[in-house]
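Let me begin by presenting the structure, written as structure tokens, before commenting on it.
Please read all numbers here as calculations on a predicted model, not as lab measurements. Positions are given from 1 along the sequence.
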Amino acid sequence: MAAAKIEEMVYEDRISALPEDLLVTILLHVPIKDAIATMILSKRWRFIWTILPKLEYDFFSDGDEDDDDKVVDNDDDDESKKTSWCFFDKSMELHKAPVLTTLLIKLGPGCSSDIDVRKWIAKAVDHRVVVLRFKLSCSNGPTRLPKRIYTCGTLKELTLAHKVLLDFPSSCFLPSLVFLELLFVVYKDDASLDRFFSHCPVLNILVVKRNRRNRDDNITKFSVKIPSLEGLFYVSDEIISSLPDEDEVVDTGKCLAIDTPALLDLTIIDHSGDSFSIENMPCLEFALINVKSFPDIDKSKTSLSAVRSLVLYMTDQVIFPFSTVKFSRLMKLRICPHRSDWLEALLLLLKNSPKLTELLVDYAFTPDGIPLSWNQPNSIPGCLSSQLRFFEYREYGGRKEEKEFVMYILANSKRLRKAIISVKPDLENKNLIIEKLRDIPRVSTFVEMICVG
């Protein structure tokens, strides 16, 4: 009987034979920790990870809060964490890519105070970093960044979050920065912030989130004077209190001032009670205004009047001031009532919006029980008789005043092409209400009426 032939299977390592740029591409699709671990595979892989153009270090553990508006103090001394931090600290030292396109560093509440993040960021500048995102949530005090970051000629996108102290030197200049995100950071003072903005000549998008109840937020006048800016997203104390006594408007003595002649997109969500000064926005295309109050709106009327699409959260302190603005270019309007008898003020707003073609009343996030009153107007806004093409009412509640308002819109919108009314899903007799809505007369013979529950 012939002896069984034993064949030795030889497996060829085809991946290791790939060109270096393809191996780099492969490692870019795995977490950095796994990418570094490939160094033990073979001599071919030993230094591939050191030339990765993108590094993401996320030190948030499963128990850490990774929420942009919360910082959780945690004195966890877990040895495994310390070992990991030392490992990644060493990896930054060994990294040698000529250009670092992206560096992301997220240090959770349990991170060690011994970590030298300044060294990491300084090295990123040396490697001509393009995108830098740095979130620091350690329990120790705010960290001042190396001054070299503020003169980095290659930096295009910068995100700084939480316990980062922004102290902009007089020599700061970021010639390539187009995107800036500042999330609950600590500012040195007003003058330092003004100086920084004035030395970003091509800044296009600015995102700011603040917690004014944080004692580290010491800015009195947050001034955004940036000629090149096209998009501004500003949030300060975004949670609306449900307590009636906190609706009272108190002068905080602080202000958001905006002077941006190229601005196209503006979002302001601010329930701190600060005042506003908005000027020089002749090109404004979109604005979302969700604020506790808007004192001295006369100073901002000219700039706001240029907007083409507006989302307005209607509180008692906001709706009437805005109803006095002459919206000469406004074509799309979405209103979100909040603690406001808004019907009368809305009609005033419609009269001041002669080019309006789309109107959306959104009750989706409105507290129950807001009182309404309706008095049949003596006149018809010009936009209803000649311009309005689309009307939508979300979370229709079936109240007498709501029905009369809908009837008024349908009876006077001569050019209306489509009307959508969604009824609150938990409403009693919902099907009957929908049938009655469908039977409402409308002056436009071309309107498509859609009623849903």
Expected output: side-chain R438 to main-chain C451 donor-acceptor under 3.5 Å
yes
Backbone of P142 reached by a side-chain donor or acceptor of R144 within 3.5 Å: no
- request: Could you tell me whether the side chain of N429 and the main chain of L432 form a donor-acceptor pair under 3.5 Å?
  value: no
- prompt: Checking S236 side chain against D270 main chain: does a donor-acceptor pair fall under 3.5 Å?
  reply: no
For the residue pair H199 and F173, categorise the inter-ring angle as parallel (less than 30°), tilted (30 to 60°) or perpendicular (more than 60°).
-> perpendicular
Side chain to side chain, Y363 and Y396, heavy atoms closer than 4.5 Å: no
Close side-chain approach of R389 to K418, heavy-atom, < 4.5 Å: no
Closest non-hydrogen atoms of A122 and P146, given as atom of the first, atom of the second and distance, are N-CG, 4.2 Å
Does the side chain of L416 come within less than 4.5 Å of F391's, by heavy atoms?
yes
pair T151-L174: side-chain heavy atoms closer than 4.5 Å
no
Quiz item: Taking atom CG of N375 as the centre, does the number of heavy atoms from other residues, nucleotides or ligands within less than 6.0 Å exceed 12?
Solution: no
Inset, instruction - Could you check if a side-chain atom of I269 sits within less than 4.5 angstrom of a side-chain atom of T267, using non-hydrogen atoms only? - result: yes
Do R308 and E285 sit within salt-bridge range, that is, some charged N less than 4.0 Å from a carboxylate O? yes
Point to revise | Residue pair L333 / E358, side-chain heavy-atom distance below 4.5 Å | key: no
Worksheet entry | Pair K221 + D190, salt bridge at N-O below 4.0 Å | no
inquiry  = Is the distance from the ring center of W342 to that of F405 below 6.0 Å?
reply    = yes
What I want to find out is whether E401 reaches K403 closely enough, with some N-O distance under 4.0 Å, to be called a salt bridge.
no
Main-chain N/O of A257 paired with S277 side-chain donor or acceptor, under 3.5 Å: no
*asked:* Is any side-chain heavy atom of I149 closer than 4.5 Å to one of L155?
replied: yes
Task: Sidechain N-carboxylate O distance under 4.0 Å for D362, R394 - done: yes
| query | Centroid-to-centroid, F134 to W120, below 6.0 Å? | reply | no
Please check if the number of heavy atoms outside K414 that lie under 6.0 Å from its NZ is greater than 12. no
**Item:** Min side-chain heavy-atom separation L203-L180 under 4.5 Å
**Value:** yes
- Task: Indicate yes or no: does K209 engage E181 in a salt bridge with an N to O separation below 4.0 Å.
- Result: no
Do you see a donor-acceptor pair shorter than 3.5 Å between the side chains of K135 and T159?
no
* Electrostatic pair E56-K54, nearest N-O below 4.0 angstrom -> yes
Examine distances only and state if a side-chain atom of S198 and a backbone atom of R195 form a donor-acceptor pair shorter than 3.5 Å. yes
